[in-house]
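Numbers here are sequence positions counted from 1. Both backbone and side-chain heavy atoms feed into the values below; hydrogens, waters and symmetry mates do not.
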Amino acid sequence: MHFEVFLAAGYAVFLIGVALGLDLMAHHSHKRSERFRTAGFTYHPTHDAWICPQDQLLVRDYTDYERRLVVYRGRPLICNSCPVKAECTDSDEGREVRRAMDPWPHSEAGRFHRGISLVIALLAAAMLVVEMVRNHAPLELAVLGGLFTVVTLVCWHLHSAFRHTPANFPGSQTAPAQELQVDHKRGKEVHR
């Protein structure tokens, strides 16, 4: 077996590891960022509300369909008299918690990282195809072909996940049929 086949196979394995590692690290980073923004707060899906560390309720204030966010806010009267307000918020309108409406791959960053991972995996597949054209020995074709099958499966998984998570960039999608209202406090239109 030619040494070039070993190098190509090793590099393809390295590229697939980079692609999968990038996808995994991006997902982990997104989850960690969400945990940081809501540290100490507990979400209760049955009430669609957050509970702060001082056992106060943050209820849904508004939904921003353009940015794909749900915004929850504590009552200003309670937040402004809270003993830990200085560590929690500097707003006089109450503490605000924002929750993304979509899971990680739907976000701009999620789609970007998944797209980069897909391109890296496709480069590994293209490199293996070139090597299969250049090297025709049965053992070399078996090694490259087997590795190409694995790389193709990874590419298929990344492409399928990329294709089934449409971009929710602002303005790229119309909001669901909801009543459009102007939020006068914030001076912008929101869907309620």
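Note on Tyr65 and Val70: same hydrophobic cluster, where clusters join Ile, Leu, Val, Met, Phe, Trp and Tyr whose side-chain heavy atoms are under 4.5 Å apart, directly or indirectly. Hydrophobic cluster membership differs between Tyr43 and Ile51, with clusters built from Ile, Leu, Val, Met, Phe, Trp and Tyr side chains linked at under 4.5 angstrom. Under the 4.5 Å side-chain contact rule for hydrophobic residues, Val59 and Phe41 do not share a cluster. Hydrophobic clustering (ILVMFWY, side-chain heavy atoms < 4.5 Å, transitive): Val5 and Leu141 are in one cluster. Leu153 and Leu24 end up in different hydrophobic clusters when Ile, Leu, Val, Met, Phe, Trp and Tyr side chains are linked at under 4.5 Å.
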If you look only at distance, which donor and acceptor atoms sit under 3.5 Å apart when one is on a side chain in residues 120-131 and the other is two or more places apart or in another chain?
unit_1 : atom_1 : unit_2 : atom_2 : d
Glu131 : OE1    : Asn135 : ND2    : 2.8

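Taking the six-membered ring where the residue is Trp, Tyr11 and Phe14 present parallel rings, their angle staying beneath 30° rather than reaching 60°.
In this structure, Gln56 contributes its side chain and Ile78 its backbone to no donor-acceptor pair below 3.5 Å. For Ser29 (side chain) and Met25 (main-chain N/O), no donor-acceptor pair under 3.5 Å exists by modelled atom type. Not one N or O on the side chain of Ser160 forms a donor-acceptor pair closer than 3.5 Å with the backbone of Trp156. Of the possible donor and acceptor atoms, none in the side chain of Arg98 sits under 3.5 Å from a partner among the backbone N and O of Val71.
Taking NE2 of His157 as the reference point, atom CG of Leu20 lies at 7.5 Å (rounded to 0.5 Å). Annotation: the span from Ser91 atom OG to Asn80 atom CG amounts to 7.5 Å, rounded to 0.5 Å. From Cys82, atom SG reaches atom CD of Glu87 across 8.5 Å, with rounding to the nearest 0.5 Å. In this structure, the separation between CZ on Phe6 and CD on Glu140 is 8.5 Å, given to the nearest 0.5 Å.
Listed here is the closest heavy atom pair of Leu58 and Arg95: CD2-O, 3.4 Å. Taking every heavy atom of both residues into account, Glu93 and Pro76 meet most closely at O-CG, 3.4 Å. Taking each heavy atom of Arg114 and Leu158 in turn, the nearest pair found is CD-O, 3.9 Å. The two residues Ala12 and Leu147 make their nearest non-hydrogen contact at CB-CD2, 4.0 Å. When every heavy atom of Leu77 is checked against every heavy atom of Ser81, the shortest pair comes out as O-OG, 3.1 Å.
By the 4.5 Å heavy-atom criterion applied to side chains, Ile116 and Leu22 are counted as neighbours.
Under the side-chain hydrogen bond (donor to acceptor under 3.5 Å, both in side chains) criterion, Arg134 pairs with Glu4, not counting sequence neighbours.
Between the side chains of Arg60 and Thr63, at least one donor N or O lies within less than 3.5 Å of an accepting N or O.
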Practice task
Go through the steps to decide whether Glu96 and Thr89 satisfy the test side chain to side chain contact (heavy atoms under 4.5 Å, CB included), and finish with yes or no.
Solution key: CA-CA 8 Å; Glu96 181 179 281; Thr89 184; over 6 Å; no
Practice task
For the pair Phe148 and Met132, evaluate side chain to side chain contact (heavy atoms under 4.5 Å, CB included) and give the outcome as yes or no after the intermediate values.
Solution key: CA-CA 9 Å; Phe148 179 75; Met132 284 190 284; 3.8 Å; yes
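A salt bridge links Asp92 with Lys85: the distance from a Lys NZ or Arg NE/NH1/NH2 to an Asp or Glu carboxylate oxygen falls below 4.0 Å.
The cationic group of Arg99 does not satisfy the cation-pi geometry with Tyr72, failing either the under 6.0 Å distance to the six-membered ring centre or the 45° limit from the ring axis.
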